[in-house]
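Structure, as structure tokens:
Just the heavy atoms: all of them, side chains too, but no hydrogens, waters or symmetry mates, feed the values below. Naming: A, B, ... by sequence-line order, numbering from 1 per chain.
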Protein chains: 2
Amino acid sequence: MNSSGPGRPRALSRSLIVTAARGIAEEEGLAALTVRRVARRLGTGQASLYRHITDREQLLGLLAAEVAAQLPPAAADPDPRQRVRHQWLAAHDHLSRHLWAAGILAEGTHLPSAAAHLTEDTLAALAAAGLPPDEAARTQRVLWKLLLGHVRGARPSRFDFDWALSHLLDGVLGGRAVTLAG
Amino acid sequence: MNSSGPGRPRALSRSLIVTAARGIAEEEGLAALTVRRVARRLGTGQASLYRHITDREQLLGLLAAEVAAQLPPAAADPDPRQRVRHQWLAAHDHLSRHLWAAGILAEGTHLPSAAAHLTEDTLAALAAAGLPPDEAARTQRVLWKLLLGHVRGARPSRFDFDWALSHLLDGVLGGRAVTLAG
DNA sequence: ACCTGAACACCGTTCAAGT
DNA sequence: ACCTGAACACCGTTCAAGT
């Protein structure tokens with residue numbers, strides 16, 4: 001019984017707002033996510049939200065950070081190339097399930113920091129595959145752009161993404177062997 | 001002297017609307033491009049525009065088609081791989097100069113048809129490089145996604161795009177030699 | 001001291017009233 | 001017959017008035 005008692009009219013909080021906003025985004029997309037709709041869903045006046053968030057932009061950032069934090073962990077494949085491939089395919093699938101968040105993540109200046117574990121896992125795997133740090137960093141940036149390019153906009157294709165991902169890794173890692181000794 | 005005489009108050013047309021709209025988009029971005037702003041720039045009532053366009057969405061489509069039609073022609077390099085690379089680098093530069101159009105092109109269902117010559121040039125070059133038609137078509141789709149992914153959103157890098165483009169072409173064309181005889 | 005209704009300055013689009 | 005002012009149903013955000 002976690003229903004609020006009759007003497008406890010409402011307890012608005014940032015996390016309640018984020019949850020309500022995410023519900024709208026998941027159900028009806030980003031365009032339907034208006035401040036007024038969130039307030040209506042929570043049974044509050046629209047002005048009340050501004051006690052807990054500074055503006056709509058910040059709210060979108062919070063939502064995108066949540067989705068980014070739920071990006072999949074590293075795959076278990078012993079081959080680092082396949083480890084990268086599988087983690088990014090899983091990332092593709094995750095973002096495909098939350099398409100509304102892709103646009104926010106793409107504009108975000110510092111938001112990919114919420115996807116820090118994906119970045120770190122990728123850099124580690126690419127290093128294990130013998131790629132120098134600067135090329136690994138560039139590859140990681142490019143994978144991110146490739147993923148967002150595939151997931152946003154019309155006619156997304158998981159197959160095309162996998163194909164591009166594989167060929168890009170082939171091109172980058174080339175004939176590079178997984179050398180166990182330095 | 002092409003100033004309108006005093007007895008000729010206005011002659012609104014679709015192309016006048018598109019020109020005015022593009023001016024606003026180039027100067028202040030897509031967010032500033034409102035139907036009312038276009039009307040104000042033309043000295044008309046906002047309702048009058050709807051005699052020549054069906055809605056804002058259609059207007060955006062017309063603008064994006066214009067930008068797509070101005071994508072650069074094929075480069076002159078004798079090596080098909082370099083021909084593809086240089087045409088897509090030029091396409092990157094063109095779209096970078098008209099960033100506001102990238103988003104519209106990305107959503108567009110049929111709009112890439114306005115970029116038909118880029119598609120055709122690329123398919124021809126990839127065929128000349130020995131790629132079978134289905135792989136060439138996939139490569140072309142992926143290049144488009146890669147370009148839009150790079151150009152939209154934060155921190156675009158021409159260098160990263162070139163790097164990804166080159167490595168992708170390497171991965172796709174592999175050791176494939178340019179065979180002159182079937 | 002805290003909350004929020006009503007207002008402000010915008011949107012895209014429609015339609016009845018004007019010429 | 002053609003054009004368009006004013007209205008409608010929305011926005012995000014602010015602030016003065018209410019408890």
Side-chain angles (χ1 to χ4, degrees), chain A residues 4-65 100-101 103-104 107-109 111, chain B residues 4-65 100-101 103-104 107-109 111:
Chain A
S4 55
R8 185 91 160 303
R10 63 187 61 95
L12 203 56
S13 71
R14 174 176 284 196
S15 79
L16 267 176
I17 292 172
V18 169
T19 302
R22 178 151 183 184
I24 294 169
E26 300 282 7
E27 291 161 19
E28 302 178 52
L30 208 54
L33 176 50
T34 68
V35 173
R36 292 162 122 97
R37 279 281 311 261
V38 176
R40 222 180 303 151
R41 182 182 266 238
L42 291 167
T44 337
Q46 64 235 26
S48 309
L49 301 199
Y50 289 91
R51 304 237 120 232
H52 302 92
I53 57 166
T54 71
D55 55 16
R56 182 175 185 266
E57 210 61 39
Q58 189 202 40
L59 177 56
L60 295 186
L62 293 171
L63 290 178
W100 54 270
I104 314 173
E107 321 298 325
T109 324
L111 285 190
Chain B
S4 55
R8 184 88 161 306
R10 63 186 60 95
L12 203 54
S13 70
R14 174 177 285 197
S15 80
L16 267 176
I17 292 171
V18 168
T19 303
R22 178 151 183 183
I24 295 169
E26 300 283 6
E27 291 161 18
E28 303 177 52
L30 207 55
L33 175 50
T34 68
V35 173
R36 292 163 122 97
R37 278 283 309 263
V38 176
R40 223 180 303 151
R41 183 183 266 238
L42 290 167
T44 337
Q46 63 235 28
S48 308
L49 301 199
Y50 289 91
R51 303 238 120 231
H52 302 91
I53 57 166
T54 71
D55 55 16
R56 183 175 184 267
E57 210 61 39
Q58 190 202 38
L59 178 57
L60 295 186
L62 294 170
L63 291 178
W100 53 270
I104 313 174
E107 323 296 326
T109 323
L111 285 191

Handout entry: Separation of D:dT4 P from B:L12 CG (nearest whole Å)
Key = 8 Å
Practice task
Send over the distance from A:Q58 CD to D:dG12 C1', rounded to a whole Å.
Solution key: 14 Å
Practice task
Considering just the side-chain nitrogens and oxygens of B:S48, establish if one lies under 4.0 Å of OP1 or OP2 belonging to D:dC3.
Solution key: no
Handout entry: Heavy-atom closest pair, residues A:A20 and A:V38
Key = CB-CG1, 4.2 Å
Problem - Nearest-angstrom distance from the residue atom CG of A:D55 to C1' of C:dA9 - result: 17 Å
Exercise for the section: Please confirm whether the backbone N or O of B:I17 pairs with a side-chain atom of B:H52, one donor and one acceptor, at under 3.5 Å? Expected result: no
Problem - Between P of D:dC3 and CG of B:L42, the distance in whole Å - result: 14 Å
Completion exercise
To the nearest 0.5 Å, atom CG of B:L30 lies from atom CD1 of B:I24 at 11.0 Å
Practice task
Please test B:R14 against B:Q58 for side-chain contact (heavy atoms from CB on, under 4.5 Å), starting from the C-alpha separation and ending with a verdict.
Solution key: CA-CA 11 Å; B:R14 174 177 285 197; B:Q58 190 202 38; 3.3 Å; yes
Handout entry: For A:Q46 against A:A39, the heavy-atom pair lying closest together
Key = CA-CB, 3.6 Å
Completion exercise
Separation between CZ (B:R41) and CG (B:L16), nearest 0.5 Å, reads 12.0 Å
Exercise for the section: Check the distance between C:dG12's P and B:I24's CD1 and give it to me in whole angstrom. Expected result: 10 Å
Problem - Integer-rounded Å distance: C:dG5 P and A:L49 CG - result: 12 Å
Handout entry: B:L62 side, atom CG; B:L60 side, atom CG - distance, nearest 0.5 Å
Key = 9.0 Å
Exercise for the section: Using a 4.0 Å heavy-atom cut-off, write out nucleotides 14-19 of chain D from 5' to 3' as B (base contacted by protein), S (sugar-phosphate only) or - (no contact). Expected result: BB----
Handout entry: P gap between D:dG18 and C:dC8, integer Å
Key = 16 Å
Practice task
To the nearest 0.5 Å, tell me how far A:L49 CG sits from A:T54 OG1.
Solution key: 12.0 Å
Practice task
Rounded off to whole Å, could you give me the CD1-to-P distance for the A:I17 and D:dG12 pair?
Solution key: 13 Å
Problem - Euclidean distance, B:R51 CZ relative to B:T44 OG1, rounded to 0.5 Å - result: 13.0 Å
Practice task
Calculate the interatomic distance between A:R56 atom CZ and C:dC11 atom C1'; express it in whole Å.
Solution key: 13 Å
Completion exercise
Rounding to 0.5 Å, atoms CZ (B:R22) and CG (B:L33) come to a distance of 12.0 Å
Problem - Heavy-atom closest pair, residues B:A21 and B:L63 - result: CB-CD1, 4.1 Å
Handout entry: Watson-Crick and G-U pairing of DNA chain D written in dot-bracket, each distance under 3.5 angstrom, with | for inter-strand partners
Key = ||.|||||...|||||.||
Exercise for the section: Enumerate the residues from residues 32-41 of chain A whose closest heavy atom to DNA chain C is under 4.0 Å, giving them by residue number; use none for an empty result. Expected result: A:R36
